[in-house]
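Input: a single structure, listed below in structure tokens.
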2 protein chains.
Amino acid sequence: MTRKPLPQPEREEIRVETVLQALGEPVRLQIIRALADAPDGIACGEIELPVTASTRAHHLRILREAGVLTTHTEGTRRISALRREDLDTLYPGLLTGILAARQ
Amino acid sequence: MTRKPLPQPEREEIRVETVLQALGEPVRLQIIRALADAPDGIACGEIELPVTASTRAHHLRILREAGVLTTHTEGTRRISALRREDLDTLYPGLLTGILAARQ
DNA sequence: ATCGTACTACGAAGATCGTCGAACTTCGAC
DNA sequence: GTCGAAGTTCGACGATCTTCGTAGTACGAT
């Protein structure tokens, strides 16, 4: 099994402004909600989204570079998962607060 | 003393997406931080910001329409305050989490 | 080695956003 | 009533962002 981590910021490098900017977009919020239900992460392609694959990849990149999620490769698939521990440490309550809205 | 409230969404009308979008901007985050230190609100003009008055008015409007802050008129001045209770009720921990980052 | 799958990288097009200056409103003071 | 101060509204311009299609990479299976 191949396992390569993708470039992402260390916990110390994560900035609120970037995180909020990343979360303030409908599609990305949808991704976050899907990931919140899968503690071990899910394959990017399995998230139902109203956009094409390339747009999906773009949003996943934004979220990863903001430090919101982490992605590793498993064969040809990419598994993404929320960086819940890091976010909860840096901004206690933020993630919970956002997910509580659940529409 | 003149006291007129400015148009803002009811608590039920506040949407996470809009709130996050409003908070994901450096200048607006700066405004929020300034307001967090003033429970009773402060005059918009007294917040130090690296933008002109018209831009400041624009950002305050975005924040107010998102439901993040409330503004009322006192003479020629406008006093803004965080809608902390509403936000804490809707998204418990969100505001605290964001403010915990403090820079 | 070849094929199909899963995904990314690269422009490009269109929409949205942040910023400003100028004009206008509203209020208090003189 | 006239003036100045505080703030808003109205375009406008430039920058950023979302979206897409196409081309390309990496891997597993045959």
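Throughout, protein chains are lettered first and strands after them, A, B, ... in sequence-line order, and every chain is numbered starting at 1.
When the side-chain nitrogen and oxygen atoms of A:T55 are compared with OP1 and OP2 of D:dT18, none of them lie within a distance under 4.0 Å. Contact annotation: B:H59 reaches the phosphate of C:dT19 (side-chain N/O to OP1 or OP2, under 4.0 Å). Distances shown here put a side-chain N or O of B:Q21 below 4.0 Å from the OP1 or OP2 atom of C:dC17.
When the C1' atom of D:dC17 is taken as reference, atom CG of A:L23 falls 16 Å away, rounded to whole Å. As rounded to whole Å, 14 Å separates atom C1' of D:dC17 from atom CD of A:E65. Distance, B:E74 CD to D:dA5 C1': 16 Å, rounded to whole Å. C:dT19 atom P lies 11 Å from atom CD1 of B:I62, rounded to whole Å. Regarding B:H72, its NE2 atom lies at a distance of 17 Å from the P atom of D:dA6, rounded to whole Å. To the nearest angstrom, P of D:dA6 lies 15 Å from CG of B:L49. For the pair A:Q30 CD and D:dT19 P, the interatomic distance rounds to 10 Å; values are reported in whole Å. Atom CZ in B:R28 sits roughly 12 Å away from atom C1' in C:dT19 (whole-Å rounding).
A salt bridge links B:R61 to B:E65: at least one charged side-chain nitrogen sits closer than 4.0 Å to a carboxylate oxygen.
Among A:I62, A:T18, A:I32, the one residue that satisfies the side-chain contact (heavy atoms from CB on, under 4.5 Å) test with A:L23 is A:I32.
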Summary of protein contacts for nucleotides 2-9 of chain C, nucleotide by nucleotide, where a base hit scores B, a sugar-phosphate-only hit scores S (4.0 Å, heavy atoms):
----SSBB

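Of the possible polar contacts, one joining the B:E25 side chain to the B:R28 backbone as a donor-acceptor pair under 3.5 Å is found. With hydrogens and angles ignored, the 3.5 Å screen pairs a side-chain donor or acceptor of B:Y91 with a backbone N or O of B:V16.
Between B:R83 and B:Q8 there is a side-chain heavy-atom pair separated by less than 4.5 Å.
A:T96 pairs by the side chain to side chain donor-acceptor pair (under 3.5 Å) definition with nothing, not counting sequence neighbours.
The CG atom of B:L90 sits 11.5 Å away from atom CG of B:L95, with the distance rounded to the nearest 0.5 Å.
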